[in-house]
Every structure is written in C-alpha cells, then in structure tokens.
Amino acid sequence: MSNTITSEIKFLVELDENRVPEKLMWTAKDGGVEHEEAKAIMLSIWDSKAKESMRIDLWTKDMPVDEMKIFFHQTLVAMSDTFNRATNDEKMAETMKDFCDYFAEKLDLTKK
C-alpha cells in the first residue's frame, strides 16, 4: 500500500458579465492560506506528452499597472531562482538575473 499524501490548491475566479475577472481568491490549506484575495495569478503547467507548457494568466480589472510591473519583476526573479534549483545551471541563472536587473531599471523599479 502506498503512503502518498495529497495536497490541494484551489483558485476561485469571480467574473463580470463579460467574463473578465473581478475577484481572484485562492486556498492552499497546507500552506496556511484559506480564501485569500489576489489581484493576479500566473500558472504554468508542463504537458510532458506534447512537450509544451500551458498557462493560465489572470488579473483583475482593478490590478494597478504599477503593481503588475512589480509582479512581473518578482516573478522573473523567482523563475531565475527556480531555474537554478531545477537545472543547477548557475551561469544561465545569473544571466537571467542580469535581465531582471535590466527589466527593473528600465521600468524604474529599483529602490533609490
């Protein structure tokens, strides 16, 4: 008998009459998150049969553009870290982080 454990992450998307997200909520009980509001979600899923990624990109219509820029920057930095952990390719991870620095500079996200 297997001793596997399952964990569940849920997303709830409230849409307006045009099917545009008005509210995003998420729950991850194992992580201590229950029905928390979010303004944006980016989820990538690897389809190993098709050898391609599938994505869900959602944001509410009241997500401020300046926060979206910060969200993208932080996501890119996190992807660099994840890439390093997943591949152990430190050289490319550093190159990715260099781009993240450039991205932040061009969007004037750097702390002064």
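Note that this is a predicted model, so its numbers are computed, not measured. For reference, positions follow the sequence shown, starting with 1. For the numbers below, each heavy atom of this structure counts, side chains included, while hydrogens, waters and symmetry mates do not.
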Verify, without hydrogens or angle tests, whether D16 (side chain) and V20 (backbone) share a donor-acceptor contact under 3.5 angstrom.
-> yes
Using distance only, find each side-chain donor-acceptor pair of residues 49-59 under 3.5 Å and give its atom names and separation, not counting sequence neighbours.
unit_1	atom_1	unit_2	atom_2	d
K51	NZ	S48	O	2.9
R55	NE	D57	OD2	3.0
R55	NH2	D57	OD2	2.6

For residues 72-83, dump all side-chain donor-acceptor pairs below 3.5 Å to protein atoms at least two apart in sequence or in another chain.
unit_1	atom_1	unit_2	atom_2	d
H73	NE2	C100	O	3.3
T75	OG1	F71	O	2.7
S80	OG	L76	O	3.0
D81	OD1	K97	NZ	2.4
T82	OG1	A78	O	3.0

Could you state the interatomic distance from CG (D101) to CD (E94), rounded to the nearest 0.5 Å?
-> 9.0 Å
Would you call E22 and L15 a side-chain contact if the rule is heavy atoms closer than 4.5 Å?
-> no
For the residue pair I70 and M68, establish whether any side-chain heavy-atom pair is separated by less than 4.5 Å.
-> no
For residues 31-38, which side-chain donor-acceptor pairs fall under 3.5 Å, sequence neighbours excluded?
none

Can you tell me how far NZ of K91 sits from CG of N84, rounded to the nearest 0.5 angstrom?
-> 14.0 Å
Note: D62 and K39 closest approach over all heavy atoms is OD2-NZ, 2.8 Å
Count the heavy atoms belonging to other residues, nucleotides or ligands that lie under 6.0 Å from NZ of K29, then report whether that count exceeds 12.
-> no
Determine whether W46 and L43 fall in the same hydrophobic cluster, where Ile, Leu, Val, Met, Phe, Trp and Tyr are linked whenever their side-chain heavy atoms lie under 4.5 Å apart.
-> no
Answer yes or no: is there a side-chain heavy-atom contact under 4.5 Å between F11 and I41?
-> yes
Which value, rounded to the nearest 0.5 Å, describes the distance between Y102 atom OH and T110 atom OG1?
-> 13.5 Å
If Ile, Leu, Val, Met, Phe, Trp and Tyr residues are connected whenever their side-chain heavy atoms lie under 4.5 Å apart, and connections chain through other members, are M42 and I45 in the same group?
-> no
Do E67 and K69 pass the salt bridge (Lys or Arg N to Asp or Glu O under 4.0 Å) test, and can you show the C-alpha distance, the side-chain angles, and the key distance before you say yes or no?
-> CA-CA 5 Å; E67 288 184 22; K69 291 175 181 181; over 6 Å; no
